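Notes follow once the structure below has been shown.
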There are 2 protein chains.
Amino acid sequence: IADRDGDAIRRMLAPLHAADIADVLEQLTAGQQEGVATLAPDVFTGEVLAEIEPDTREVVMAYLDPSHLAAAIQELDSDDATEVVEELDPETRAAVLAEISEIDRQAVEQSLAFEDETAGRLMQREFVAAPEFWSVGHALDHMRASDDLPDKFHDLFVIDTGFRPVGEIPVCRLLSARRDVALSDLMEPPRILVDPETDQEEVAYLFQKYHLVSAPVVDSAGRLTGMLTLDDIVHVIQDENKEDMLALAGVNEAGLADTVVRSVRSRAPWLLVNLATAVLASGVIALFEGAISQVVALAVLMPIVASMGGNAGTQSLAVAVRSIAERDLTAANAMRVIWRELATGAVNGLIFAVVMGAVTILWFQDVALASVIAIAMVLNLACAGLSGILVPLGLVRAGADPAVASSVFVTTVTDVVGFLAFLGLATLVLL
Amino acid sequence: IADRDGDAIRRMLAPLHAADIADVLEQLTAGQQEGVATLAPDVFTGEVLAEIEPDTREVVMAYLDPSHLAAAIQELDSDDATEVVEELDPETRAAVLAEISEIDRQAVEQSLAFEDETAGRLMQREFVAAPEFWSVGHALDHMRASDDLPDKFHDLFVIDTGFRPVGEIPVCRLLSARRDVALSDLMEPPRILVDPETDQEEVAYLFQKYHLVSAPVVDSAGRLTGMLTLDDIVHVIQDENKEDMLALAGVNEAGLADTVVRSVRSRAPWLLVNLATAVLASGVIALFEGAISQVVALAVLMPIVASMGGNAGTQSLAVAVRSIAERDLTAANAMRVIWRELATGAVNGLIFAVVMGAVTILWFQDVALASVIAIAMVLNLACAGLSGILVPLGLVRAGADPAVASSVFVTTVTDVVGFLAFLGLATLVLL
């Protein structure tokens, strides 16, 4: 790139798979990415564009001209084409769409009409369908004669005269069937029919549950309009997992190419919320300034109670968020799980009450102080267990994401309860 | 179940898909699961056994007799059969294996010989392969005549005379090809050849990277011995994500059916580690008992500095662990990312130094105290950013899982630095 030698770049990348080219490009700085885009635009085939991370894609596409983009996009199935097009600025998007064929344009525009993170946005419009009265041989001959089959497909959808899916046949079963068998004898009813408005997380759950490799998407009249495939769903699963994990840690979004400004922007809001709750907890401490000035050991020990509560609450919360994501935690077993979390918190509280009581006696030779910290520990860890499960369940009931904001709620509870129980008891017992 | 009516149970479950039956069973108590297993053992077909969670499976299999289990297992492809068999106690396992056919038994035993969480354990031994000199028509005729094709397959593997995979053809492409085309003209070289000893996480990464739906597994001589399919990989992805998320929260493992005892056992160890680090942090506070007894406001404010550091560290850590899991964070860009995390921490530190400084002035009307907390905030958040990335990278370099134990390290750093910076500066400036 430093030599501004487009041919050398091409030669280097030519033998690689699109996914590997994408990996190489993502490791470059934005300046180097720009260099590749200007010196060797033809590196960016449709497949490479579909593979690279959105951040890198944004940088690169700014330097590719619309007609190159249009040609690249036209190679792609409509789901990948949509993914690439959705990130273009409105002006470039219009220029690009003007140069691609009528059918492809319509497909992309219709997909873009669906909300982000829905099945409609994710589906591809290329699929293979055959009427139910055809035989296997008829279907095979038709496929051999067709020149616009999707890149890959795993099921043949069988449709009725109203274009409604009435069955599906895995292609491997089609292969091993005799030519004279009727499709209707070979098909099984579709395991699921996906509404394009469905949230992608819901679809991902169904794919996993029923081990699907593809599923038909139908419009409001029940007509087959698209297909979802497992390899797209895998990305949804990864994205949702990433979202949950980052949300639990108080990060709005994160990408490798993020700049400092972007990282600050995605983290500062939650730090601000945390600051507010920390000040609240400090307010609780301030109520007991008198006690602390008399017994400084209280100041030394109080963070331990809060920290243990915070940890136990986070454990309980992570287990709950994960169970909700896997649809294991339902209304039917919620009571049992709530009870378990409370009991687990209390038992851990008892264990660490004994441990911390002993440490306190050794450290401060003060049995009363040890009793206070022991009782506060049990109370706070029981509250931690309870809030760790109730907060995410409450968020779900309120229609919110159980991972977002729940950490802050839980640690607020454990901080406040921890300081209040420890310092309050100390005031009653020691002073 | 209360009526001990096996027929009613059968009738109720009969119309459901195996995955739905599994869902219903998992919602029952262990006692009810036992009831179903004794009253209606035939509910537990091979498919249902493969679908239910390991915990439920353990309960149920204790009440099914070996010959029923053997029949159920024999229905399954070898990967699912292995999964079911591996959880049997040695005695039952021997009894079950004795009743299944020689070929199936060998397949299961060979799979069990591989370590847990490797490709060898995960693969199925049923696959479809054809020699490279065959034509499409020849392959199709052979498949139609064969009666032990795998349940599902997505690629035909093309092998040479040494049974080594030299190509793969997606079945959909086989369908649309003319009968007289040679397989060698249609095939593409296998994208990956999986060694059965490979860790499942590594395999999952390659599947995602190259959008694979299946991949060949080869033995040490390069001979085709098995096949991995994307629907199994999806479970690996979910398991690995779950592991990371729980590990970050300090939970060793978790299942919905866990009892209190099991939950305590999986969480107490990390709480103990946390207690040790919390006592360490308290030791730091104890160094400044004199300062605190003179200025009680220090005790009120010090948890804020530690809490903000802990939060910022957790954010940085979650982003790092996620990037490592996605193979985005490599040696090549580590320096850039370390720098970004340090800078992000410092910038957030500056922002919240200003905010917290203002809060302190309003609250305590003390500019010196406000300056102290502001400086401590910048220092602690910068350290938080740095430890959030260095700890997981260090764990990776040490060959450990970056998610396990890293939270504890990071919060220890932020607690100690937070208390030390705030109380130390206060001692210098205020006293």
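Treat the numbers as computed from the prediction; the structure is a model and nothing was measured. Side chains are part of it too, since the values below use all heavy atoms of this structure and drop only hydrogens, waters and symmetry mates.
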message: Taking side chain as everything from C-beta outward and backbone as N, CA, C, O, which of these in A/Arg173 sits under 4.5 Å from a heavy atom of chain B? Side chain, backbone, both or neither.
response: side chain

task: Sort B/Gln238 into side chain, backbone, both or neither according to what part of it lies under 4.5 angstrom from a heavy atom of chain A.
output: both

query: Taking atom types as modelled, is there a side-chain donor on B/Ser307 or A/Asp415 under 3.5 Å from an acceptor on the other?
result: no

task: Can you tell which part of B/Ser407 gets under 4.5 Å to a heavy atom of chain A, answering side chain, backbone, both or neither?
output: neither

- prompt: Checking B/Leu175 against chain A: side chain, backbone, both or neither under 4.5 Å from a heavy atom?
  reply: both

message: Report which part of B/Phe419 has an atom under 4.5 Å of a heavy atom belonging to chain A: side chain, backbone, both, or neither.
response: side chain

message: Using 0.5 Å steps for rounding, measure from the CG atom of A/Leu174 to the CE atom of B/Met143.
response: 11.0 Å

- prompt: Where on B/Leu248 is there a heavy atom nearer than 4.5 Å to chain A: the side chain, the backbone, both, or neither?
  reply: side chain

field: Electrostatic pair B/Glu341:A/Arg267 at N-O distance under 4.0 angstrom
entry: yes

- prompt: Going by an N to O cut-off under 4.0 Å, is there a salt bridge joining A/Asp23 and B/Lys209?
  reply: yes

- prompt: Is a donor on one side and an acceptor on the other found under 3.5 Å between the side chain of B/Arg144 and the backbone of A/Ala177?
  reply: yes

query: Between atom CZ of A/Arg340 and atom OG of B/Ser263, what is the distance when rounded to the nearest 0.5 Å?
result: 4.0 Å

task: Using non-hydrogen atoms and a 4.5 Å limit, figure out which bit of B/Ile233 sits close to chain A: side chain, backbone, both or neither.
output: neither

Heavy-atom contact with chain A under 4.5 Å, split by part of B/Asp232: neither

- line: All heavy atoms of B/Ala312 vs all of A/Leu271, minimum pair found to be N-CD2, 3.8 Å

- request: Name the region of B/Ile351, side chain, backbone, both or neither, that has any atom closer than 4.5 Å to a heavy atom of chain A.
  value: side chain

query: Between B/Arg191 and chain A, which part of the residue has a heavy atom less than 4.5 Å away: side chain, backbone, both or neither?
result: side chain

- prompt: Which atoms of B/Trp339 come close to chain A, meaning under 4.5 Å heavy atom to heavy atom: side chain ones, backbone ones, both, or neither?
  reply: neither

task: Could you check whether the rings of B/His235 and A/His211 sit parallel, tilted or perpendicular, using 30° and 60° as the cut-offs?
output: tilted

- request: Check whether A/Thr277 gets within reach of chain B through its side chain, its backbone, both or neither, counting any heavy atom under 4.5 Å.
  value: neither

